[in-house]
Every structure is written in structure tokens, then in C-alpha cells.
Amino acid sequence: MIVLGIESSCDETGVALVDASGTDVPVLLAHALHSQIDMHQAYGGVVPELASRDHIRRVLPLISEVMAQAGRELSGLDVVAYTRGPGLAGALLVGAGVACSLAASLGKPVMGVHHLEGHLLSPFLSADPPEFPFVALLVSGGHTQLMRVERVGSYELLGESIDDAAGEAFDKSAKLMGLPYPGGPHLARLAAQGDAAAFKLPRPLLHSGDLDFSFAGLKTAVLTQAKKLGPELESRKADLAASTQAAIVEVLVKKSMSAMAKTGLRRLVVAGGVGANAALRSQLNAVCRQRGIRVHYPELHLCTDNGAMIALAAGMRLQAGLESLQAAYTFDVKPRWSLADVSPTSSLLAI
Ligand code: KG4
Ligand code: ZN
């Protein structure tokens with residue numbers, strides 16, 4: 001079963017091809033990506049209309065590139081998958097429209113995939129893939145969630161951010177320090193040269209007793225600190241970056257460990273853009289080693305948005321018998337879409 005995956009939910013156009021034959025984890029045959037970061041940088045954030053137009057420009061050449069890389073013909077595709085949501089409506093419509101027209105022209109079925117399910121399953125493409133069941137810490141630009149994952153398609157929400165996501169906390173803090181978009185990786189790089197104990201910043205909801213997160217207050221505290229520093233900010237920026245990162249990472253690590261204790265599971269899977277953060281990885285590795293917990297990550301280049309995770313999620317859902325494929329080409333996109341809706345255990349979910 002050869003699956004083409006197309007991702008266009010935000011500021012990355014990703015295309016990939018997987019072989020999901022049999023029951024083994026699908027094999028990644030080829031993938032290609034175009035990031036719009038340079039284009040949006042001038043505006044300090046994603047401009048939705050520009051994002052949609054750029055997806056239109058990039059998606060067909062990327063499909064050709066992937067087919068050439070894999071040495072395969074479009075006629076050999078069995079399924080065309082695309083990100084159906086959540087994300088920017090106009091951007092999603094590009095991937096959905098292209099996927100449906102390609103599938104229609106080939107007479108093959110088409111399948112809409114949940115973007116977060118793609119992130120969540122992406123560690124299965126790593127050199128050290130997890131086994132079910134596990135706790136997933138999903139930390140992207142738009143979401144911070146802890147989930148109990150029993151098997152493909154079974155996602156129980158344990159806790160989530162009640163306001164900003166972890167990636168947003170990185171990005172907004174970076175922005176008010178004058179760092180370029182997207183702030184997360186820039187802040188992380190600067191933090192490596194700073195003193196994490198230099199500024200006392202809040203660890204919101206750390207002792208709340210539940211598994212929810214809140215990062216909006218942290219951003220306000222960073223702003224207050226930056227204002228207090230005034231002209232001194234420039235010379236103390238690395239310290240402020242390190243202190244901000246330390247606050248975010250501490251909350252993510254401690255809440256993840258609470259989720260492990262509450263569920264009694266011994267495997268943790270980290271996914272989403274913030275999963276690329278080196279401080280988060282090293283602290284999780286250390287604490288998991290101490291507690292005998294296995295921790296799994298996506299390969300670094302598959303932490304942020306990409307087509308491979310969409311093709312993979314489609315392939316794994318097909319293998320699990322969760323999809324009934326039809327050659328029907330009416331489509332919609334779901335800019336707001338809960339992962340609960342793709343899970344048979346949705347009654348357990350509280351999104
Ligand atoms: O998963 P993703 O590519 O997009 C969404 O689905 O939202 O995540 C993007 C987020 C951004 O907020 C970005 O700043 C953050 O991931 N990010 C990082 C790092 N790399 C990406 N945050 C902290 N440290 C990093 N190294
Ligand atoms: Zn994403």
C-alpha cells in the first residue's frame with residue numbers, strides 16, 4: 001500500500017511517500033519540504049494569505065520531487081492523504097484540493113488526516129520507535145497536550161494548556177526580546193549562552209495537581225522583566241532567554257512525570273516542534289533514566305511540520321483498519337478539530 005501524504009496546515013509545505021504494506025510500521029520512501037519561514041520573517045509571524053499562496057506554488061513541484069526521489073510513478077499510488085485540520089483554513093484547502101484532484105485523476109481513494117495524530121505518531125519513523133501503550137507529550141506551536149495512547153486511533157486527553165501553547169510561549173517571549181520569527185529555535189540558541197537561574201520566572205500550574213498547563217502568565221512575567229531591564233536587556237538577553245526556557249521546560253518535564261505516575265505507564269513519547277528543544281530533551285532523558293522510563297522522540301528534522309508524519313498516520317490508520325476508503329472526492333477542511341474526533345475512545349476525552 002503506497003501512500004502519498006501532503007501537509008499544508010501552516011507555514012510548511014510537506015510531501016512524502018510511505019509504503020504501508022503488511023503490518024510493520026510504514027517505511028518512509030521519500031519526503032520533501034519547503035519552509036516559508038524566510039517569507040514570513042519580515043512580518044514577525046505567519047501571514048495566512050501569503051501562506052496559502054505559497055503552498056499553491058510549492059505543492060506540485062514537491063510532489064514531483066518526492067516521486068522522482070522514490071523512483072515511482074503517480075499511477076503506482078494506492079491512497080492520497082492530506083492534512084484535513086487543524087490549521088489555517090486557506091492553507092489546508094490547498095493540500096486538500098490538490099490531494100482530491102490528484103486522487104480523482106488517478107481514480108484512487110483520498111484520506112483526510114488529523115495534523116496532531118501525525119505529530120503524535122511521528123516517532124514511529126525514528127531509529128528508536130516506541131511501542132504501545134504510551135503517554136504522549138504533544139508540544140507544538142498551537143497545542144500542549146498530555147495524552148494516553150493505547151493504540152493507533154485511541155487517544156485519551158490527560159491534560160492540556162488552558163491558554164498559550166508551549167511553542168507559543170517560546171515564540172511570544174522571543175518576540176518581545178526582539179528575536180526573529182519563529183522565536184522557539186532562536187530563543188533556544190540564545191539560551192545556551194545564558195544563565196538559567198539569572199531571573200526568577202513563574203512555573204504556572206506546576207502544583208495544580210492536575211495535568212493542565214498555562215503559559216500566558218509566563219509571557220507576561222517575561223515582558224515585565226524585559227521592561228524592568230530597559231536598556232540593560234540587550235546585554236542580559238541570553239540570561240532572560242535561558243530563564244524563560246528553564247521555566248517552560250521544568251513545567252513540561254514535571255507534568256510529564258506526573259502523567260507517567262498517574263497512568264503507571266513506562267513509555268513517554270514527545271512530539272511536535274518544541275520536541276526539538278535540546279534542553280527539554282536532555283532534562284527528560286535525565287529524569288526518565290533515573291525512573292526507568294523509556295522516552296522516544298521523532299528524528300529532529302521530523303519534529304516540526306512535514307509530509308512524512310501525514311503519510312505515516314494515514315498508513316498506520318489504514319493498517320489498523322480504522323479507515324474505509326472510498327473513491328469519493330467531496331472534501332472539507334477542519335481548521336479547528338479535536339483529536340477526540342478521530343479516537344474510538346472519544347467519550348473519555350474532555351477537549
Ligand atoms: O509542530 P510545529 O512545527 O507546528 C505546529 O503544529 O504548531 O511547531 C512549531 C513550534 C513553534 O512554536 C516553534 O517555535 C517551536 O515549535 N520550536 C521550538 C524549537 N524548534 C521549534 N521551540 C523551542 N526550541 C526549539 N528548538
Ligand atoms: Zn504541527
Side-chain angles (χ1 to χ4, degrees), residues 5-14 16 33-37 40-41 44-46 48 51 82-88 91-92 95 113-123 136-145 160-161 164-177 179-192 194 196 213 215 218-219 222 241-242 244-253 269-284 297-310 312-313 334-337 339:
I6 300 174
E7 154 64 30
S8 71
S9 67
C10 189
D11 56 353
E12 254 109 21
T13 324
L33 187 79
H34 175 78
S35 169
Q36 302 177 354
I37 284 178
H40 295 298
Q41 214 153 46
V46 178
Y82 64 94
T83 305
R84 189 175 172 208
L88 301 169
L92 289 166
V113 172
H114 198 294
H115 180 82
L116 296 182
E117 189 172 29
H119 274 305
L120 201 121
L121 297 175
S122 62
L137 171 68
L138 190 65
V139 270
S140 70
H143 295 83
T144 300
Q145 298 182 330
E160 67 179 337
S161 179
D164 290 355
E168 235 173 322
F170 268 105
D171 293 345
K172 288 179 175 171
S173 304
K175 196 168 185 178
L176 50 92
M177 286 179 217
L179 301 176
Y181 155 87
H186 288 280
L187 190 147
R189 227 166 307 163
L190 192 61
F213 302 87
F215 290 108
L218 174 63
K219 171 194 63 196
V222 173
T244 306
Q245 177 176 266
I248 298 170
V249 167
E250 185 181 339
V251 175
L252 293 176
V253 171
V269 160
V270 183
V274 180
N277 186 270
L280 176 64
R281 285 189 177 213
S282 85
Q283 288 187 36
L284 275 177
Y297 307 92
E299 298 293 339
L300 268 181
H301 68 286
L302 296 182
C303 277
T304 43
D305 295 348
N306 62 83
M309 68 187 199
I310 301 305
L312 171 80
K334 289 176 166 279
R336 295 176 68 82
W337 189 14
L339 197 51

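Start at 1 and go down the list; that is how both ligands and their atoms are numbered.
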Parallel, tilted or perpendicular: rings of H115 and H119 (30°, 60°) = perpendicular

Parallel, tilted or perpendicular, as decided by the 30° and 60° cut-offs, for the rings of H40 and Y181 = perpendicular

Does [X] use its side chain to pair, donor to acceptor, with the backbone of [Y] at less than 3.5 Å?
| X | Y | value |
| --- | --- | --- |
| H114 | W337 | yes |
| S8 | A91 | yes |
| R281 | A276 | no |

How does [X] reach ligand 1, if at all, at less than 4.0 Å between non-hydrogen atoms: by side chain, backbone, both, or neither?
| X | value |
| --- | --- |
| E12 | neither |
| D171 | side chain |
| H115 | side chain |

Indicate yes or no: at least one non-hydrogen side-chain atom of [X] is less than 4.5 angstrom from one of [Y].
| X | Y | answer |
| --- | --- | --- |
| C10 | E12 | no |
| H301 | N306 | no |
| H143 | L339 | no |
| L92 | T83 | yes |
| L190 | H186 | no |
| I310 | I6 | no |

When you compare ligand 1 with [X], is there at least one nitrogen or oxygen pair between them that comes in under 3.5 angstrom?
| X | answer |
| --- | --- |
| G141 | yes |
| G184 | yes |
| H119 | yes |
| P185 | no |

Heavy-atom proximity to atom 15 (C) of ligand 1 ranks first, among N277, V274, D305, V249, for V274

Numbering the atoms of ligand 1 from 1, which are under 4.0 Å from a heavy atom of G167?
-> 12 (O)

Closest approach of any protein heavy atom to atom 20 (N) of ligand 1, naming residue and atom = G273 O, 3.4 Å

What are the protein N, O or S atoms, given as residue plus atom name, that sit under 2.8 Å from the Zn ion (ligand 2)?
-> H115 NE2, H119 NE2, D305 OD1

Ligand 1 contact by G142, heavy-atom criterion under 4.0 angstrom | yes

